[in-house]
Amino acid sequence: SLLSRKGRGILVAFEGCDRGGKSTQCKMLVDYFKTTGRDVAHFSFPDRTTIIGQSIDSYLQGKSELEDHAVHLLFSANRWEAVPKITQLIERGTSVIMDRYAFSGVAFTAAKKGFDVTWCKYPDRGLPCPDIVFYLEIATKDAMSRASFGNERYEKAEFQERVAKVYKELKSDDWRVVDALRDMNEIHEEIKSTVIKLEDNVKYSELKNLWT
Ligand code: NYM
Ligand code: MG
């Protein structure tokens with residue numbers, strides 16, 4: 001595809017177990033992009049505003065039950081429905097910062113009994129591949145002591161430990177592991193400098209496809 005003169009936007013994903021501060025860091029990075037005049041868009045998965053997202057939201061809040069394979073596919077469909085927007089933004093030079101992505105999909109389902117990583121990856125195969133993934137690493141005991149842990153499905157210590165194990169299997173060279181227990185401004189500085197270094201390298205390269 002044609003890349004504009006200013007180059008494409010970069011695709012950044014934040015990942016990790018619950019209560020690691022992903023949303024805070026996402027917002028801080030988006031604000032940094034805005035204040036420096038970079039075009040930026042912010043996505044969160046699950047996107048609870050769509051029809052698919054509403055069923056996911058109800059499931060996460062424990063207001064409804066869904067079969068485990070079925071809800072896995074809904075999470076994936078909820079990403080695919082955002083793909084036309086994401087690719088258009090990236091191609092037009094807008095960077096996209098995502099709070100969770102396909103790695104969450106795999107980690108949270110593969111943490112369930114009877115699921116394997118290969119099966120879990122398949123529905124998300126071919127999604128736009130993030131140029132970088134920031135993995136906010138936090139020990140379960142520290143996450144549990146943070147505000148409002150335990151309100152939604154999956155927010156149980158034993159399950160989060162299993163999720164963390166799957167994430168370890170998913171890590172690749174495009175991941176940066178960030179110690180999430182530090183001061184949020186310190187973390188932001190580290191993320192910001194990593195993104196700045198990366199930016200020029202990816203601007204004129206094609207966006208890759210995930211797990212292909
Ligand atoms: N989650 C999130 C999944 O189980 N599969 C997915 O594909 C995604 C994107 O939803 N506990 C889980 C992880 C979280 C929960 O996310 C809601 P958040 O960031 O708390 O809104
Ligand atoms: Mg949550």
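Just so it is clear, the model here is predicted, and its values are computed rather than measured. Residue indices begin at 1 and follow the sequence shown. Atoms within each ligand, like the ligands themselves, are counted from 1 in listed order.
Contacts with ligand 1 closer than 4.0 Å are made by no heavy atom of Ser76, backbone or side chain. With a 4.0 Å cut-off on non-hydrogen atoms, Leu60 touches ligand 1 through its side chain and not its backbone.
Checking only distances, Phe75 never comes within under 3.5 Å of ligand 1, N or O to N or O. Here's the thing with Arg100: one of its N/O atoms is less than 3.5 angstrom from an N/O atom of ligand 1. Between Arg79 and ligand 1, at least one N/O pair is under 3.5 Å apart. For ligand 1, the polar-atom distance check against Asp18 finds a nitrogen or oxygen pair separated by under 3.5 Å.
Atoms of ligand 1 found under 4.0 Å from any heavy atom of Phe45 (numbered from 1 in listed order, with element): 9 (C). Residue contact check: Pro46 has heavy atoms under 4.0 Å from atoms 2 (C), 9 (C), 16 (O), 17 (C) of ligand 1.
Between Phe45 and Phe43, the two ring planes are parallel [angle under 30°; tilted spans 30° to 60°]. Classified by interplanar angle (parallel below 30°, tilted 30° to 60°, perpendicular above 60°), the ring pair Phe108/Phe159 is tilted.
Placement of Ile138 and Tyr167 in two distinct hydrophobic clusters is found when ILVMFWY residues are connected by side-chain heavy-atom separations under 4.5 Å, directly or transitively.
With Glu190 as the partner, the salt bridge (charged side-chain N to carboxylate O under 4.0 Å, His left out) test is satisfied by one option alone out of Lys197, Arg182, Arg176: Arg182.
Using modelled atom types and a 3.5 Å distance limit, the side chains of Asp57 and Gln61 yield a donor-acceptor pair.
Salt bridge present: Lys27 and Asp31 bring a charged side-chain N and a carboxylate O closer than 4.0 Å. For Asp39 and Arg92, the salt-bridge test fails: no basic side-chain N is under 4.0 Å from an acidic carboxylate O.
Comparing heavy-atom distances from atom 17 (C) of ligand 1 across Lys112, Arg19, Arg48 singles out Arg48 as nearest.
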